[in-house]
Amino acid sequence: NIFSACGLIFILALGASKLLGRIKFPAVTSYLLLGILIGPYGLNLISKNLVNATDSIGYFVLGLVAFSLGQNFLWRELKHVGKTVISISCFAALGAIALVTLGLLLIKRPVSEAIVLGGIAAATAPMATIMIVREYHAKGPFTRMLLGIVAIDDAWGIIAFAGAMVVAKLISVPAAENVFASAMIGTGKEITGALVLGTILGSLLSMLSRYSKIQMDSFIFSIGFILINTGTSLKLGISPLLANMAMGVAVVNLTKRHIFFDVLKRIDWPFYLLFFVLCGASLQIPFLRKLGVIGTVYVAARTLGKYGGAYLGGQIVHAEERIKKYLGLGLIPQAGVALGLAIVAKTELPHCGDLIFTTTVATTIVFESIGPFCTKFAITKAGEVRSR
């Protein structure tokens with residue numbers, strides 16, 4: 001049953017992360033591999049009801065992630081970050097979007113599939129980068145720049161994905177006319193609606209902060225508002241990702257204390273663990289046979305797009321040579337947000353969602369395996385690895 005399956009997932013996932021951690025495997029990769037092993041196509045130890053609930057759990061986990069991402073948009077800090085971080089992060093995201101979309105179109109994949117995977121390609125995995133920086137005690141201007149960029153990189157991915165989903169839905173309707181104009185209008189409505197809803201709820205949550213006397217109050221307020229925001233967004237047909245991110249932006253700029261974000265950091269990892277394992281269990285193994293060319297193009301195009309985009313962004317703002325040459329390598333990891341976006345695509349695009357989800361899970365395993373080594377190489381070449 002679901003309770004036994006959840007208990008098994010938590011215990012086995014902890015053991016898997018400890019065991020594979022000995023050979024430097026990231027925790028996320030170990031969770032995905034465990035999910036594949038104990039899922040329907042493996043040992044079949046997980047309840048089908050729980051696997052089927054992955055979509056719902058994914059929306060909730062994405063709400064947590066998006067809300068937490070909003071913390072990185074504190075206005076008074078953004079003013080000091082400067083145009084370098086904004087430029088490099090934007091161009092790195094655009095590079096991945098453009099090359100992945102173009103690469104998939106060149107191998108004659110459907111337009112809706114190509115643009116949605118392009119949107120997903122913009123997202124990175126901040127946790128993998130942060131863990132490598134901590135492990136090697138990296139410190140300096142290059143490291144600060146890298147951490148600043150990965151902190152806001154996923155935001156561009158969420159925005160790009162929201163627009164891509166609108167276009168993909170319109171393309172999938174045979175009778176749709178003036179797709180481009182309709183897509184622009186639809187994207188504008190979705191983004192505007194999400195920003196308005198998130199800002200309103202964020203303002204309300206900020207006002208309630210004065211009643212958060214203990215951490216449990218803040219935790220309940222945070223979870224409650226994330227659930228309300230997600231549910232209302234789905235009901236209204238707008239992006240729950242953007243709405244929750246907008247709520248986080250409103251809270252961090254209207255509240256002096258960061259108590260809502262701090263309390264979530266202490267309890268969110270079990271939710272992520274469960275989600276990653278279920279993503280692995282939800283992997284459609286039969287689709288893997290179709291992924292040889294698609295997966296290769298996605299990995300190669302996203303890697304080139306991230307590196308090339310970061311280099312171009314650094315060139316435009318006249319960044320240091322080492323930043324231009326190595327910073328893009330620190331943006332290779334991809335995990336949580338990308339998997340969450342893929343779950344949304346799987347749910348809302350029946351004609352190509354399964355292939356998009358399977359592609360994302362399979363390539364996430366690749367990126368989470370090679371990404372940390374790329375980040376380590378980047379900070380080492382930048383000369384910011386400190387001896388312990």
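In this chain, residues are counted from 1 in sequence order. As a basis for the values below, the full set of heavy atoms in this structure was taken, side chains included, without hydrogen atoms, waters or symmetry mates.
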Is there side-chain contact between [X] and [Y], with heavy atoms separated by less than 4.5 Å?
X: Phe219; Y: Ile223; value: yes
X: Val297; Y: Val100; value: no
X: Ile120; Y: Thr359; value: no
X: Ile332; Y: Thr375; value: no
X: Asn229; Y: Ser233; value: yes
X: Ile11; Y: Leu8; value: no
X: Val167; Y: Val116; value: no
X: Leu99; Y: Arg302; value: no

On the 0 to 90° scale, with breaks at 30° and 60°, tag the Phe225-Phe221 ring pair as parallel, tilted or perpendicular.
perpendicular
Measure up the Phe60 and Phe271 rings against each other and bin them: parallel (under 30°), tilted (30 to 60°), perpendicular (over 60°).
perpendicular
Start with the C-alpha distance between Asp354 and Lys346, add both sets of side-chain angles, then the distance that settles side chain to side chain contact (heavy atoms under 4.5 Å, CB included), and finish with yes or no.
CA-CA 5 Å; Asp354 281 333; Lys346 179 183 176 184; 3.4 Å; yes
With the 4.5 Å side-chain cut-off for hydrophobic clustering, are [X] and [Y] part of the same group?
X: Leu117; Y: Ile107; result: yes
X: Phe260; Y: Met245; result: yes
X: Ile46; Y: Tyr41; result: yes
X: Leu254; Y: Leu264; result: no
X: Met247; Y: Val249; result: yes

Looking at [X] and [Y], what are the two nearest heavy atoms and their distance?
X: Tyr31; Y: Ala13; value: CE2-O, 3.5 Å
X: Gly157; Y: Ala122; value: CA-CB, 3.6 Å
X: Ile97; Y: Gly119; value: CG1-CA, 4.5 Å
X: Pro240; Y: Asn244; value: O-ND2, 2.9 Å
X: Cys279; Y: Leu32; value: CB-CD2, 4.0 Å
X: Thr255; Y: Ser209; value: CG2-OG, 3.8 Å

If you count every heavy atom of other residues, nucleotides or ligands that lies below 6.0 Å from Lys376 atom NZ, does the total exceed 12?
no
Hey, is NZ on Lys324 packed in by over 12 heavy atoms from elsewhere, all under 6.0 Å?
yes
When rounded to the nearest 0.5 angstrom, what distance separates [atom1] in [X] from [atom2] in [Y]?
X: Leu50; Y: Ile2; atom1: CG; atom2: CD1; answer: 5.5 Å
X: Ile149; Y: Thr124; atom1: CD1; atom2: OG1; answer: 10.0 Å
X: Leu20; Y: Leu33; atom1: CG; atom2: CG; answer: 6.5 Å
X: Ile343; Y: Thr360; atom1: CD1; atom2: OG1; answer: 9.5 Å
X: Phe276; Y: Thr364; atom1: CZ; atom2: OG1; answer: 9.0 Å
X: Ser87; Y: Ile316; atom1: OG; atom2: CD1; answer: 5.0 Å

Do any N or O atoms from the side chain of [X] and from the backbone of [Y] form a donor-acceptor pair under 3.5 angstrom?
X: Thr358; Y: Leu355; value: no
X: Tyr307; Y: Lys325; value: yes
X: Glu348; Y: Met165; value: no
X: Glu113; Y: Cys352; value: no

I'd like to know whether Lys306 forms a side chain to side chain contact (heavy atoms under 4.5 Å, CB included) with Gln334, so could you lay out the CA-CA distance, the side-chain angles of the two residues, the decisive distance to 0.1 Å, and finally the verdict.
CA-CA 11 Å; Lys306 282 288 183 183; Gln334 184 176 46; over 6 Å; no
Mind jotting down which residue pairs meet the side chain to side chain donor-acceptor pair (under 3.5 Å) criterion with at least one end in residues 89-103? Sequence neighbours excluded, please.
Ser89-Trp156
For Phe3, the hydrophobic cluster (side chain heavy atoms closer than 4.5 Å, chained through members) also holds none
Would you check, one step at a time, whether the test side chain to side chain contact (heavy atoms under 4.5 Å, CB included) holds for Leu273 with Ile9?
CA-CA 9 Å; Leu273 180 155; Ile9 285 172; 4.0 Å; yes
List the steps, then state whether side chain to side chain contact (heavy atoms under 4.5 Å, CB included) holds for Lys381 with Leu329.
CA-CA 11 Å; Lys381 295 297 288 185; Leu329 294 174; over 6 Å; no
With a 3.5 Å cut-off and no angle check, do the side chains of Ser17 and Ser30 form a donor-acceptor pair?
no
Holding to ring-ring contact (aromatic ring centres under 6.0 Å, His included), I want the full list of residues that pass it with Phe67, two or more places apart in sequence or in another chain.
Phe261
